[in-house]
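Accompanying notes for the structure given below.
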Amino acid sequence: MPELNEQTDHFAKNWQQQLAEAFTDIDELCAYLNLTALQLPIAKEAAKTFALKVPKSFAEAIEKGNPDDPLLRQVLPIRDEMRDYPGYSANPVGDLEAANAAGVLHKYHGRVLLINTGSCAINCRYCFRRSFPYADLQLGKEKEIGALRYIREHADISEVILSGGDPLLLSDERLQRLFRQIAGIDHVKRIRIHSRLPIVLPARITLGLLDVLTQSAKPVVMVVHCNHPNEITERVAGACRLLKQGGIVLLNQSVLLRGVNDKAADLIALSERLFEHGVMPYYLHLLDKVSGAGHFEVGEAEALALVRHLQAELPGYLVPKLVKEIAGADAKQRVL
Ligand SMILES: *Cc1c(COP(=O)(O)O)cnc(C)c1O
Ligand code: SF4
């Protein structure tokens, strides 16, 4: 398909540049969106501890002039972040304790999580990593050798999950090397990538990356992160199509967020739109109770009611599993 290839090549030249040109200044983002600071409860102070970062490709999907846009709400530092909510803390999911000496998170049976990079292409205000020193955990060269040795020595590890930060911020060469090394470990059956890049920076899905993924000796599962149907632009749809054509299993995880996707209609539209582009709903997460994100919380009872509504309207396979993370538990906890 020459058209797609052209489009992809055009993106290939540009993803690093697009990343470098992401909005990091609140005033610039507001001006771009035709919004004034007066229309928004902006808190520049909140951006000091966790910076604003929004790629243009995501900003393009935000409705101009709408202070309540569900995409804007995910990225704009606002005054609510400065409030203390009971039960919220800096490290709610206990990853700090779980990260072992080899720099891998081995919390669940058979699956190990590699933190390859501490950064992301976008800063989501509700992220449980917002006040977590992930940069300290990321794999440098020696740590990577140690992590791979750990995986080699644990024959019960059948799946390696590249997470972060966002593993697709690594170069194609770095990913290629990692994939080859993992391919050499017999007991590993699958490689999984957790990434928000296909959604927020679809230009990252280059032909070079597709080569790495499609030539992998182990099946590749990619779990993208999309919260609202408006995030699935034409370019995002194109990126998903390319991944799907490459034989990658595509799943989506969302976080249930007040003011973003807390209406059944939004979640139904999200599932429909994901499926339309070859992505299956996987998880709908209850918010991790990280300091600064309390205003995003949707309580468990309301979440249950929402998912029951989804069950009543969608085929079962389009209903994401409602889960929450409990520090120290041996799996994500199913709520429904
Ligand atoms: C979420 C998570 C996984 C993957 O869990 P699945 O239920 O298999 O998707 C693995 N390791 C860690 C540390 C996690 O947080
Ligand atoms: S992309 Fe994922 S890891 Fe990165 S800030 Fe957003 S939610 Fe957090």
Side-chain angles (χ1 to χ4, degrees), residues 19 22 47 49-55 57-58 71 73-77 91-100 103-132 134-135 137-138 147 151 154 157-169 189-201 204 221-228 231 249 251-257 260-261 280-288 290 292-293 296 320-335:
L19 189 61
T49 46
F50 187 54
L52 170 105
K53 189 171 180 187
V54 188
S57 44
F58 189 83
L71 277 56
R73 188 167 162 82
Q74 296 178 51
V75 295
L76 189 72
N91 179 30
V93 300
D95 277 357
L96 215 46
E97 296 73 27
N100 67 22
V104 299
L105 280 174
H106 192 182
K107 290 206 298 193
Y108 301 160
H109 179 80
R111 289 147 292 168
V112 74
L113 207 137
L114 290 196
I115 311 291
N116 301 93
T117 162
S119 59
C120 287
I122 188 167
N123 282 346
C124 312
R125 308 312 300 177
Y126 53 84
C127 181
F128 73 92
R129 297 182 171 105
R130 55 174 291 152
S131 46
F132 181 82
Y134 261 74
L137 280 186
Q138 66 180 291
I151 297 167
H154 289 77
I157 295 174
S158 52
E159 181 164 329
V160 176
I161 305 173
L162 308 183
S163 187
D166 202 307
L168 291 187
L169 286 183
K189 296 195 177 71
R190 294 172 296 278
I191 302 177
R192 185 186 334 173
I193 295 177
H194 281 180
S195 175
R196 187 141 159 74
L197 260 69
I199 308 298
V200 303
L201 195 72
R204 177 65 188 98
V221 178
M222 191 179 291
V223 183
V224 301
H225 170 180
C226 178
N227 298 316
H228 190 280
E231 292 170 44
V249 174
L251 305 171
N252 178 61
Q253 53 184 344
S254 310
V255 181
L256 183 56
L257 299 165
V260 174
N261 56 9
M280 298 303 287
Y282 180 38
Y283 280 154
L284 177 62
H285 294 267
L286 289 178
L287 183 73
D288 291 317
V290 65
F296 282 115
K321 299 177 175 84
L322 182 63
V323 291
K324 63 179 172 186
E325 183 109 22
I326 296 180
D330 60 4
K332 307 257 186 280
Q333 300 296 295
R334 276 297 281 279
V335 180

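The analysis underlying the following values was restricted to heavy atoms, covering all of them including side chains, and did not include hydrogens, waters or symmetry mates. Order of appearance sets the numbers: ligands from 1, and atoms from 1 within every ligand.
Heavy atoms of H106 stay at 4.0 angstrom or farther from ligand 1. Contact between D166 and ligand 2 is absent, with no heavy atom of the residue lying under 4.0 Å from the ligand.
Each of the following atoms of ligand 1 lies closer than 4.0 Å to a heavy atom of E325: 15 (O). Which parts of ligand 1 touch R192 is read off a 4.0 Å heavy-atom cut-off, strictly below it: atoms 4 (C), 6 (P), 8 (O), 9 (O). Near Y282, with a cut-off below 4.0 Å to any heavy atom, the atoms of ligand 1 are 6 (P), 7 (O), 8 (O), 9 (O).
A distance-only check finds a donor-acceptor pair linking the side chain of E231 to the backbone of N227 [under 3.5 Å]. Remark: side-chain polar atoms of K107 are not paired, donor with acceptor, to backbone N or O of G328 under 3.5 angstrom. Between the side chain of S254 and the main chain of C226, a donor-acceptor pair closer than 3.5 Å is present. The closest donor-acceptor contact from the side chain of R196 to the backbone of H225 lies under 3.5 Å. Proximity of a side-chain donor or acceptor of N261 to a complementary backbone N or O of V255 within less than 3.5 Å is detected.
Contacts between I161 and ligand 1, counted as non-hydrogen atom pairs separated by less than 4.0 Å, involve the side chain only.
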How far apart are the C-alpha atoms of L114 and I151, what are their side-chain angles, what is the distance that settles it, and do they pass the side chain to side chain contact (heavy atoms under 4.5 Å, CB included) test?
-> CA-CA 10 Å; L114 290 196; I151 297 167; 4.1 Å; yes
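In this structure, the protein non-hydrogen atom closest to atom 1 (C) of ligand 1 is K332 NZ, 1.7 Å. Looking only at protein heavy atoms, the nearest one to atom 12 (C) of ligand 1 is L113 CD1, 3.3 Å. Nearest protein neighbour of atom 10 (C) of ligand 1, counting heavy atoms only, is Y108 CD1, 3.4 Å. At the shortest separation from atom 7 (O) of ligand 1 among protein heavy atoms lies Y283 OH, 2.6 Å. Among protein heavy atoms, the minimum distance from atom 7 (S) of ligand 2 is reached at H225 CE1, 3.5 Å. Here the protein heavy atom with the shortest distance to atom 3 (S) of ligand 2 is R129 NH1, 2.9 Å. Counting protein heavy atoms only, atom 6 (Fe) of ligand 2 is closest to C124 SG, 2.4 Å.
Note: an N/O pair closer than 3.5 Å links R111 and ligand 1 by distance alone.
Side chains of Q253 and H285: a donor-acceptor N/O pair is present below 3.5 angstrom, by distance only.
Note on C120: counted as a metal contact of atom 4 (Fe) of ligand 2, an N/O/S atom lying under 2.8 Å. At a cut-off of 2.8 Å, C127 is counted among the residues with an N, O or S atom near atom 8 (Fe) of ligand 2.
The pair R111-E159 does not count as a salt bridge, with every side-chain nitrogen at least 4.0 angstrom from each carboxylate oxygen.
Contact detail for P320 and Y283: the closest heavy-atom pair is CB-C, 3.9 Å. Closest heavy-atom contact between L113 and S163: CD2-CB, 3.3 Å.
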